[in-house]
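Heads up, the thing below is written out as structure tokens.
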Amino acid sequence: MNRNVRLVLALVLSLGLLAGCGGASKAPVQGEQGGQPSQQQEQVTLKVGATVTPHSEILESIKDEAAAEGINLEIVVFTDYVQPNIALAEGDLDANYFQHLPYLNNSNKERGLDLVSVGAVHLEPLGLYSIKVNSLSELPDGATVSIPDDPTNAGRALKLLADQGLITLKEGVGVEATPKDVVENPRNLNLQMLQAEYLPRSLQDVDAAVINTNYYLDAEKNLGVKATVLARESAEDNPYANVVAVRKGDEDRPEIQKLMTLLRSDAVAKFINEKYGGAVIPAF
């Protein structure tokens, strides 16, 4: 073998050794096993309007799971029942979560909106609360009782009082009752209608108040309100489960569907049961 051939062979062997030692190995490409994902999942921001308790707390409980599904869940907190639907209708939100279906339907009718439910998440039975008495039998004659002033919750409140034998309503009115439908008032109750968000504060000035659970829980947490539950609306066959609403046509958006899957999961049911102890009930 001549000198030139030996040099060529030595060069080939050297290159082979370099490759075998990794000096020329191919790094794992993105997407291959052992490398990084080929592309991080694109995050879609979903703005959801909610009242504080329990709605925003339930949404907070799924933020990490939503992020894993590619959703940056932005929670916009409201303190009233009017603005969330207006904001949704005007495109400032992708969804809202604060109301039951009868309220949504009434809001659509009164304000000319076109919002739809994409599913129920939980039920908040209305409660009759008091910081002055500990039982219905202790309510004095002529007691002042405050109730919500919006039509759907006012009807629910009057039905709750009727179910406890405190008043009698005109036959057949059910949850569509107004104070004008009270036909018997043996305890001479003085019914005061207030915006729902002000009802917990009214407990200082009235003998009892029918309060939406979310507003009572919020007042208990942030204002230190401690009241006795004199009566609570039955959860059986109750049509007032709280729903997630969107603009009509957005029902099938993938991120909305993912949101609903997360909200109606076993993990959320466990969170609701453990955190609220029966004051809030899963509705799925």
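Excluded from the calculations below are hydrogen atoms, water molecules and symmetry mates; all remaining heavy atoms, backbone and side chain alike, are included. Bear in mind the structure is a predicted one, so any value in this text is a computation, not a measurement. All residue numbers refer to positions in the sequence shown, counting from 1.
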TODO: Please say whether more than 12 non-hydrogen atoms of neighbouring residues, nucleotides or ligands are located less than 6.0 Å from CD in Glu176.
DONE: no
TODO: Apply the test side-chain contact (heavy atoms from CB on, under 4.5 Å) to residues Glu251 and Ile256: give CA-CA distance (whole Å), side-chain angles for both, the deciding distance (0.1 Å), then the verdict.
DONE: CA-CA 7 Å; Glu251 302 97 311; Ile256 295 294; over 6 Å; no
- [ ] Answer yes or no: is there a side-chain heavy-atom contact under 4.5 Å between Glu255 and Leu259?
- [x] no
Task: Side-chain donor-acceptor contact under 3.5 Å, Asn106 with Thr152 - done: no
Open item on the list: I want to check something: taking the side chain as every heavy atom from C-beta on, are Ile211 and Leu203 in contact at a cut-off of under 4.5 Å?
Closed with: yes
Task: Same cluster (ILVMFWY, side-chain, under 4.5 Å), Phe78 and Tyr81 - done: no
Task: Test item: Lys132 side-chain N/O and Val206 main-chain N/O as donor-acceptor pair under 3.5 Å - done: yes
TODO: Inspect the surroundings of CG in Asp141 and state if more than 12 heavy atoms from other residues, nucleotides or ligands are less than 6.0 Å away.
DONE: yes
Open item on the list: On a heavy-atom basis, which atom in Thr45 and which in Asp94 lie closest, and how many Å separate them?
Closed with: O-OD2, 3.8 Å
Open item on the list: With rounding to the nearest 0.5 angstrom, report the OG1 to CG distance, Thr53 to Asn222.
Closed with: 6.5 Å
Open item on the list: Membership question, hydrophobic clusters at under 4.5 Å side-chain separation (ILVMFWY): are Leu262 and Leu73 in the same one?
Closed with: yes
Open item on the list: For Val145, is there any backbone N or O sitting under 3.5 Å from a side-chain donor or acceptor partner on Asp207?
Closed with: no
- [ ] Output yes when a side-chain donor or acceptor of Arg247 lies under 3.5 Å from a complementary backbone atom of Leu93, and no otherwise.
- [x] yes
- [ ] Indicate if Ile58 and Ile71 have the same hydrophobic cluster label, given that clusters are the connected sets of ILVMFWY residues with side-chain heavy-atom separations under 4.5 angstrom.
- [x] yes
TODO: Measure across Thr213 and Pro125 and return the closest heavy-atom pair with its distance rounded to 0.1 Å.
DONE: OG1-O, 2.6 Å
Open item on the list: If only side-chain N and O atoms count, and only distance matters, is there a donor-acceptor pair under 3.5 Å linking His55 with Asn96?
Closed with: no
Task: NZ-CG distance between Lys47 and Asn72, expressed to the nearest 0.5 angstrom - done: 11.0 Å
TODO: Identify the heavy atoms of Tyr103 and Val82 that sit nearest to each other, and give their distance.
DONE: OH-N, 4.1 Å
Open item on the list: Are His122 and Tyr97, when compared by the centres of their aromatic rings, separated by less than 6.0 Å?
Closed with: yes
Open item on the list: Is there a path of hydrophobic side-chain contacts, each under 4.5 Å between heavy atoms of I/L/V/M/F/W/Y residues, joining Val52 to Leu217?
Closed with: yes
Task: Flag side-chain contact, heavy atom, 4.5 Å: Leu104 against Asn108 - done: yes
- [ ] Decide whether Ile167 and Val175 are clustered together by the hydrophobic rule: side chain heavy atoms of Ile, Leu, Val, Met, Phe, Trp, Tyr closer than 4.5 Å, transitively.
- [x] no
Task: Straight-line distance of Glu110 CD to Asp150 CG, nearest 0.5 Å - done: 9.0 Å
Open item on the list: Checking the side chain of Ser265 only, and the main-chain atoms of Thr261 only, is there a donor and an acceptor separated by less than 3.5 Å?
Closed with: no
- [ ] Calculate, to the nearest 0.5 Å, the distance between atoms NE2 and CZ belonging to His100 and Arg156 respectively.
- [x] 4.5 Å
- [ ] To the nearest 0.5 Å, tell me how far Met260 CE sits from Leu263 CG.
- [x] 5.5 Å
TODO: Could you check if a side-chain atom of Glu197 sits within less than 4.5 angstrom of a side-chain atom of Thr79, using non-hydrogen atoms only?
DONE: no
Task: Sidechain-backbone polar pair: Arg264 side chain, Ala120 backbone, donor-acceptor under 3.5 Å - done: yes
TODO: Walk me through it: do Leu223 and Asp218 pass the test side-chain contact (heavy atoms from CB on, under 4.5 Å)?
DONE: CA-CA 8 Å; Leu223 301 177; Asp218 188 43; over 6 Å; no
- [ ] Locate the shortest heavy-atom distance separating Ala196 from Pro200; write the atom from each residue and the value.
- [x] O-CD, 3.8 Å
Open item on the list: Looking at Thr178, is its backbone amide N or carbonyl O close enough to the side chain of Asp181 to form a donor-acceptor pair, meaning the two atoms are under 3.5 Å apart?
Closed with: yes
TODO: Start with the C-alpha distance between Tyr198 and Asp149, add both sets of side-chain angles, then the distance that settles side-chain hydrogen bond (donor to acceptor under 3.5 Å, both in side chains), and finish with yes or no.
DONE: CA-CA 10 Å; Tyr198 297 128; Asp149 68 350; over 6 Å; no
Open item on the list: Any non-hydrogen side-chain atom of Val118 less than 4.5 Å from a side-chain atom of Val243?
Closed with: no
TODO: Taking the side chain as every heavy atom from C-beta outward, state whether Leu101 and Pro239 have any atom pair closer than 4.5 Å.
DONE: no
Open item on the list: Pairing donors with acceptors under 3.5 angstrom, does anything connect the side chains of Glu57 and Tyr276?
Closed with: yes
Open item on the list: Please evaluate residues Leu161 and Leu191 with respect to the criterion side-chain contact (heavy atoms from CB on, under 4.5 Å), reporting the C-alpha separation (whole Å), side-chain torsions for both, the decisive distance (0.1 Å), and the verdict.
Closed with: CA-CA 11 Å; Leu161 297 177; Leu191 300 176; 3.8 Å; yes
Open item on the list: Rounded at 0.5 Å granularity, tell me how far OG in Ser107 sits from CG in Asn85.
Closed with: 4.0 Å
Open item on the list: Closer than 3.5 angstrom, by distance alone: can the side chain of Lys258 be matched with the main-chain N or O of Glu69 as a donor-acceptor pair?
Closed with: yes
Task: Glu124 (side chain) donor-acceptor with Asn214 (main chain) under 3.5 angstrom - done: yes
- [ ] Check Leu139 against Val133 and note the closest heavy-atom contact, atom names and distance.
- [x] CD2-CG2, 4.1 Å
Task: Side-chain touch Tyr216/Leu199, heavy atoms, less than 4.5 angstrom - done: no
Task: Any side-chain heavy-atom pair of Leu136 and Leu230 under 4.5 Å - done: yes
TODO: Determine whether the aromatic ring centres of Tyr215 and Tyr129 lie less than 6.0 Å apart.
DONE: no
TODO: Locate the shortest heavy-atom distance separating Pro148 from Asn153; write the atom from each residue and the value.
DONE: CB-CB, 3.7 Å
Open item on the list: One thing to verify: whether Asp163 and Lys159 come together as a salt bridge, which I'm taking to mean a side-chain N less than 4.0 angstrom from a carboxylate O.
Closed with: yes
Open item on the list: Would Val121 and Asn242 count as a side-chain contact (heavy atoms from CB on, under 4.5 Å) here? Give the steps.
Closed with: CA-CA 6 Å; Val121 178; Asn242 281 217; 5.9 Å; no
